[in-house]
Amino acid sequence: MKYGYFDETKKEYVITRPDTPAPWVNYLGSPEYGAIISNNAGGYSFAKSGANGRILRYIFNQFDEPGRYIYIRDNKSKDYWSASWQPVGKDLKTYRSECRHGTAYTKMQADYSGIHSEVRYYVPLDRAYEVWNVCIANTSAEERELTVTGYAEFTNNSNYEQDQVNLQYSQFITRTVFCGDHVRQMIHANLDQIEEGSDVDDKIVVSRFFALKGAKVTSWCGDREKFLGRYHGYGNPAGVAEGTLCNEGNENGNSCGALSTVVRLAPGEHCEFAFLVGMKEEPEVAEILASYALPEQVCGKELQQLTDYWHGKLAHFQIKTPSEEFNAMINTWNAYNCFMTFIWSRAASFVYCGLRNGYGYRDTVQDIQGVIHLAPEMAVEKIRFMLSAQVDNGGGLPLVKFTHNPGHEDTPDDASYVKETGHPAYRADDALWLFPTVYKYIAETGHLEFMDEVIPYANRGEATVYEHLKRAIDFSMNHLGKHGMPAGLYADWNDCLRLGKEGESTFVAMQLYYAMNILRKFAEYKQDKETAAYLDEKQEELGKLLQELCWNEDRFIRGFTEAGEVIGKRTDPEANMWLNPQSWAVISGLAKADQADMALERVYEKLNTPYGAILMDPPYHAHAFDGALAVIYNPGAKENAGIFSQSQGWIILAEALRGHGDRAFTYFMENAPAAQNDRAQIRVIEPYCYGQFTEGKASPNFGRSHVHWLTGTASTVMVGCVEGILGMRPDFYGLHLTPAIPHEWEEFEVNKVFRGCQLHIVVKNPGHVQSGCDRLLVNGVRMQGDYIPQEVLKKQTEIVLYMS
Ligand code: IFM
């Protein structure tokens, strides 16, 4: 079943059936002002922090309410509806709607009873408030009188938890007043006599506003209960049904902002106005509102600026391949998803309620990878930040607080850090993610001097980027288990695998092996012979251990418990085949060719499903060892044999590195949101963004996906597709073009900005192979192999690669 389609010219996903199987959402705003909105206008907003800056309320795990509602009432018939299908929910036989989610804006259009409405929701670029730009047109043959009402439900406290659970407190600190063109909500208004700069028990007066510009306010309400009316809901608010609001504020109870305007429209006539929401003090509110006196002169321009900004970023990498699904994901939606995970980490969605108090180390370092080819200047800022969250022993802080203060942080070795963050110990993998991320950044930009940039450690001291990376290797080498492989510590990538100080992780060992490859390149560049020799020796030892201990006939095992028990051997009754050690054996360069192909074949045989490859199989139930936390989940869910979407990126990459274009693309399609657009009722979440996992074959809901938007999948799949399938593999001095594509593809194109040059790349595949390079021409000149040295690049560079 389909609920919409991709409009790639506008880079919008268009929802034509509003009764989607779940709220399908979009992100508006920036770290200064975050806003999330569903296709039925449900959602919330916050200034800076989802936990402590919550402005608009949302009830999680419920029916997508409340939201940014616009009600329209025909004053003659007294019939009313909403500009988004919900909350009023008119019969879809008579109510037509279209929701267009674009890059940082959402447009809702509706036609009902001869009235066309369009609402454009957005947060203007570099501004910290939101705009709901409304346009209403009379498409009927009679003059119409309409009351249009905007509704914003304020939280009673900026702290999300206090608003939700501490009602005996939060209801008695809030009040609303009417200020002509806006409802002002004040929290702790009674502190207005306290001297500026001081506070009472950390509290100060906080002001929010809900305003109407471009039309006259004819009635207003600042009290949620009065607006809704007892035993009414958002679908039939008393204030809307009655045609006029009560003109009363709120004191002690639940605040809201509701503003009505009456418009009279002749046939064919339209009107435009704007509602605005924000958390600002009055003088600034007046300034902002003054600039929206004529919304028709402002809103269109602001939307254009937003589109230019985002489309400008996406323009750094655009493709044209025979697959519409692949194009839509790589050009727009996977890319936009990467930016959202980069910005929001795991903070705020309809599943993450906004309470995360920091950045997960591994998540954030991986998220960066997804935007390097699009916005390296944004990436490097975050890389610096994450390097400054590396402890001087080389490990990463498992959780980097939003208040992170480089050089002054406590670490997992301090009780204070453990108490504050809830993270009791180091994880084995965190700092190892720095290697591919730093390497990808330097290779993309050619910014080799970055290796010498000095960056503080989280707790004390500072060092060059190169030294930071060396310390990350030291951390692993100083935390080895019984066989001399890296210990699993509190967790590796898999949060549900607790292997401890003595147990060992094959995945981390492969990450370390890979990290040594990368550091070796850096050491060579820096002519650091001592480090290069050390790495050669240690990598060889590690490689031997992995081959001797971890290869189990046709697969790599997952690791060892503290008691030395093998996890993931082929004879185990449960969890005998794991996805990540197979893909990482290839990515790390550890697996020999025949081993790699055998392991990948086994993955396809044992783990692949129509929705992607399962993380491990069979699920844990009766044979879980002590550290196998996955057993807490239902079979087929999450780490217990779910199709963990993040791992799909690695299997795509591994197949592509082996030149298996058909397989790589099969894995992409099985789990790609866009490829499931016409089976949306099975996948449930949005067909334009990734989720954390899809329920595996052991689940009765096989194929259903969960935890939308904020997932490491965005970046791993992006890397799998860009480096793997499309074969864009920069190194320090240029670019390898090594595609691994489905053999049916005859040709594809890439437009890529690379080190200040615009590359137009055409890849031709007349012989229908899956990989390989027959010849490569750059501006008409034949290159050696598949490599383009930087010196041959011109501002506009024409590249043709013949695969066969
Ligand atoms: O790797 C983790 C991630 O950090 C958080 N979500 C689950 C993943 C797999 O356990």
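Computation of the quantities below employed the complete heavy-atom set of this structure, encompassing side-chain atoms and omitting hydrogens, waters and symmetry-equivalent molecules. Model, not experiment: these values are computed from the prediction.
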Measure the CG-CD distance between N157 and Q171 for me, rounded to the nearest 0.5 Å. 11.5 Å
Does Y27 form a ring pair (Phe, Tyr, Trp, His ring centres under 6.0 Å) with F339? I'd like the steps, not just the answer. CA-CA 10 Å; Y27 280 82; F339 277 113; over 10 Å; no
Pairwise side-chain contact, Y112 with R96, heavy-atom cut-off 4.5 Å (strictly under): no
Is there a donor-acceptor pair closer than 3.5 Å between any side-chain N or O of W85 and the backbone N or O of D91? no
Tell me, do N751 and Q758 make a side-chain contact under 4.5 Å, heavy atoms counted? yes
Step by step, would you call W344 with F46 a ring pair (Phe, Tyr, Trp, His ring centres under 6.0 Å)? CA-CA 12 Å; W344 296 115; F46 51 90; 5.3 Å; yes
Residue pairs meeting salt bridge (charged side-chain N to carboxylate O under 4.0 Å, His left out), one or both in residues 120-138, sequence neighbours left out, come to R68-E130
Listed partners of H706 passing ring pair (Phe, Tyr, Trp, His ring centres under 6.0 Å), at least two apart: F693
Taking ring pair (Phe, Tyr, Trp, His ring centres under 6.0 Å) as the test, write out the residues that go with F178, two or more places apart. W220
Look at the rings of F209 and Y129 and say which category their plane angle falls in: under 30° parallel, 30 to 60° tilted, over 60° perpendicular. tilted
Which residues satisfy the side chain to side chain contact (heavy atoms under 4.5 Å, CB included) test with V88, sequence neighbours excluded? Y71, Y80, S82, K90
Test item: E282 and H182 side chains (from C-beta on) under 4.5 Å apart, heavy atoms: yes
Run D7 and R100 through salt bridge (Lys or Arg N to Asp or Glu O under 4.0 Å) and show every step you take. CA-CA 9 Å; D7 177 346; R100 287 179 170 260; 3.0 Å; yes
Side chain proximity check, M378 to K313, heavy atoms < 4.5 angstrom: yes
Partner set under side chain to side chain contact (heavy atoms under 4.5 Å, CB included) for F63, not counting sequence neighbours: none
Less than 4.5 Å apart, any side-chain heavy atom of T16 and any of V14? yes
Does L56 reach the side chain of R54, with side-chain heavy atoms less than 4.5 Å apart? no
Test salt bridge (charged side-chain N to carboxylate O under 4.0 Å, His left out) applied to R356 - qualifying residues, sequence neighbours left out: none
CG of L314 to OH of Y309, rounded to nearest 0.5 Å, is 10.5 Å
Please check if the side chain of N156 supplies one atom and the backbone of S255 the other of a donor-acceptor pair under 3.5 Å. yes
By side chain to side chain contact (heavy atoms under 4.5 Å, CB included) - contacts of H232 (at least two apart): N236, A238
Strictly distance-based, threshold 3.5 Å: is any side-chain N or O of S38 a donor or acceptor partner for the main-chain N or O of P23? no
Just checking I59: does its CD1 atom have more than 12 heavy atoms from other residues, nucleotides or ligands closer to it than 6.0 angstrom? yes
For W132, ring pair (Phe, Tyr, Trp, His ring centres under 6.0 Å) partners two or more places apart: Y121, F210
Among K280, H188, M279, exactly one meets side-chain contact (heavy atoms from CB on, under 4.5 Å) together with V206. Which residue is that? M279
Any side-chain heavy-atom pair of M329 and Y690 under 4.5 Å: yes
In this structure, CG of L92 is separated from OG of S97 (nearest 0.5 Å) by 7.0 Å
Using the rule given for salt bridge (Lys or Arg N to Asp or Glu O under 4.0 Å), can you reason through R346 versus D367, listing the C-alpha separation, both sets of side-chain angles and the distance that settles it, and then say yes or no? CA-CA 10 Å; R346 305 298 174 268; D367 290 344; 2.9 Å; yes
Short question: side chain of D163, backbone of R57 - any donor-acceptor pair under 3.5 Å? no
Can you tell me which residue among T139, V148, N138 is in a side-chain contact (heavy atoms from CB on, under 4.5 Å) with I115? N138
Taking the six-membered ring for Trp, are W333 and F6 parallel (under 30°), tilted (30 to 60°) or perpendicular (over 60°)? perpendicular
Do D308 and L306 come within less than 4.5 Å of each other through their side chains, counting heavy atoms only? no
Identify, with sequence neighbours excluded, every residue that meets salt bridge (charged side-chain N to carboxylate O under 4.0 Å, His left out) alongside E32. K48
Check the surroundings of atom CG in D192: do more than 12 heavy atoms from other residues, nucleotides or ligands lie under 6.0 Å from it? yes
With sequence neighbours excluded, residues passing side chain to side chain contact (heavy atoms under 4.5 Å, CB included) with D181: K213, L289
Taking only residues at least two apart or on different chains, which pairs with a member in residues 141-151 satisfy side-chain hydrogen bond (donor to acceptor under 3.5 Å, both in side chains)? D74-R144, N75-E145, N75-T147, S113-R144, S140-R144, E145-R264, T149-S260, Y151-E153
How many angstroms lie between CD in Q305 and OG1 in T307, if you round to the nearest 0.5 Å? 9.5 Å
Those residues at least two apart in sequence (or on a different chain) that pass ring pair (Phe, Tyr, Trp, His ring centres under 6.0 Å) with F385 are Y359, H404
Would you indicate whether K216, at its atom NZ, is surrounded by more than 12 heavy atoms from other residues, nucleotides or ligands within a distance under 6.0 Å? no
